[in-house]
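Source: prediction; values computed, not measured. Along the sequence shown, residues are numbered consecutively beginning with 1.
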Amino acid sequence: MSVLIVIPARYASTRYPGKPLAELKGASGEVKSLIRRSWEAACAVKSVDRVVVATDDDRIKVASEAFGAEVVMTSPDCANGTERCAEAFDVLGGGYEIVVNLQGDAPLTPAWFVEDLVEGLRNDPVAEVATPVLRCDGRALNGFLEDRKAGRVGGTTAVFSKDRHALYFSKEVVPFTDATFADEDETPVFHHVGVYAYRPSALGAYPRWDAGPLEQLEGLEQLRFMEQGRQVLCVEVAARGRQFWELNNPEDVPRIEAMMAQMGTA
């Protein structure tokens, strides 16, 4: 199946305006923008036919083209990354069997997360969307809990059925547990990784649906599929020693830089 990766990037983020152009220092000391690091992560994925940045902002367009990315200009009216991916897919004329949304705030996304995601969607005839989940160790779970206590959103968690079809996603830490975990302990909580693979039929229908109450309350775009009764496959991925974190708030910059330093990410 032919695969297109779209990296949606907007300048006017509510929590972090200008986030795609935020600079991150790697282990070598080299500074690169968030959008560049996300594009490099996308380009590392095997068996992908095309990678594009989708934006509505000329500053992001200029910065992306400067490091060699292909850019698709989209409407400022897109409510979220999925709507932006749908518009970019239309602008490009379709023609791909799977569209991957690699959100521009996840520069630490390993290539195998996306590769496993695409393979999972290919092998599930029922699912119309797939997204990765990563079992939290104690360090990650405790970080989520600390962020919530401080009033910050540190990440999204997922719960799913025995066939791996999603039951719910939340910015709260679910399922609840009152157990205490050491950093290296395995926990029952799964971190939702902000990457999606869509079948074109579901992606094309998405912008025509109104956002439901759960999507509006949580601010999570994938809940629109679930509120429409569409099956979302949760593909469990392995960290393989890699740390993962999205850049949601300015406070996340030093956290991600520390992770890159520890992992030797240039």
Side-chain angles (χ1 to χ4, degrees), residues 1-8 38-54 70 72 80-104 106-135 156-169 190-209 220-240 242 244 246:
M1 291 185 175
S2 55
V3 179
L4 166 71
I5 294 182
V6 180
I7 305 171
S38 299
W39 177 77
E40 289 177 352
C43 290
V45 179
K46 297 176 182 176
S47 301
V48 169
D49 298 275
R50 194 173 187 180
V51 176
V52 302
V53 172
E70 179 182 1
V72 177
N80 54 46
T82 299
E83 289 192 8
R84 201 170 302 283
C85 286
E87 184 176 336
F89 185 64
D90 285 342
V91 170
L92 293 172
Y96 297 90
E97 295 165 284
I98 292 179
V99 181
V100 174
N101 172 353
L102 180 61
Q103 300 196 64
L108 302 182
T109 305
W112 64 85
F113 279 22
V114 183
E115 293 158 5
D116 290 352
L117 180 65
V118 170
E119 187 66 19
L121 187 58
R122 283 174 173 158
N123 293 333
D124 189 320
V126 176
E128 297 181 81
V129 182
T131 193
V133 293
L134 181 67
R135 186 183 289 273
T156 298
T157 56
V159 291
F160 43 85
S161 64
K162 64 181 181 180
D163 63 3
R164 299 285 170 169
H165 289 170
L167 297 174
Y168 197 58
F169 297 90
F190 283 86
H191 180 190
H192 170 242
V193 180
V195 184
Y196 304 94
Y198 318 98
R199 300 194 191 278
S201 58
L203 181 61
Y206 185 92
R208 299 195 296 271
W209 300 326
L220 296 174
E221 63 204 88
Q222 68 270 33
L223 291 174
R224 192 181 310 183
F225 290 107
M226 298 180 66
E227 291 185 89
Q228 292 291 329
R230 304 302 178 101
Q231 293 294 324
V232 178
L233 176 68
C234 291
V235 178
E236 185 175 355
V237 293
R240 302 184 194 175
R242 287 281 297 272
F244 178 84
E246 297 105 340

Handout entry: Sub-4.5 Å side-chain heavy-atom contact between Tyr206 and Glu221
Key = yes
Practice task
Kindly indicate whether the side chain of Glu87, heavy atoms from C-beta on, has any atom under 4.5 Å from the side chain of Pro207.
Solution key: no
Exercise for the section: State whether the side chain of Asp124 and the backbone N or O of Gly120 hold a donor-acceptor pair below 3.5 Å, judged by distance alone. Expected result: no
Practice task
Please check if the side chain of Asp49 supplies one atom and the backbone of Leu4 the other of a donor-acceptor pair under 3.5 Å.
Solution key: no
Exercise for the section: Could you tell me whether the side chain of Trp209 reaches within less than 4.5 Å of the side chain of Glu227, counting heavy atoms only? Expected result: no
Handout entry: Side-chain heavy-atom pair Trp112, Arg242 within 4.5 angstrom cut-off
Key = yes
Practice task
Output, in order, the C-alpha distance, side-chain angles, deciding distance and verdict of side-chain contact (heavy atoms from CB on, under 4.5 Å) for Phe160 and Phe190.
Solution key: CA-CA 9 Å; Phe160 43 85; Phe190 283 86; 3.8 Å; yes
Problem - Any donor-acceptor pair under 3.5 Å from Arg199 side chain to Leu121 backbone - result: yes
Handout entry: Check: Val133 main-chain N/O paired with Glu236 side-chain donor or acceptor under 3.5 Å
Key = no
Handout entry: Which atom of Tyr96 lies closest to which atom of Pro200, heavy atoms considered
Key = O-CG, 3.2 Å
Practice task
For residues Ala166 and Met226, report the shortest heavy-atom separation together with the two atoms involved.
Solution key: O-CE, 3.3 Å
Handout entry: Note, Leu203 side chain near Tyr196 side chain (heavy atom, < 4.5 Å)
Key = no
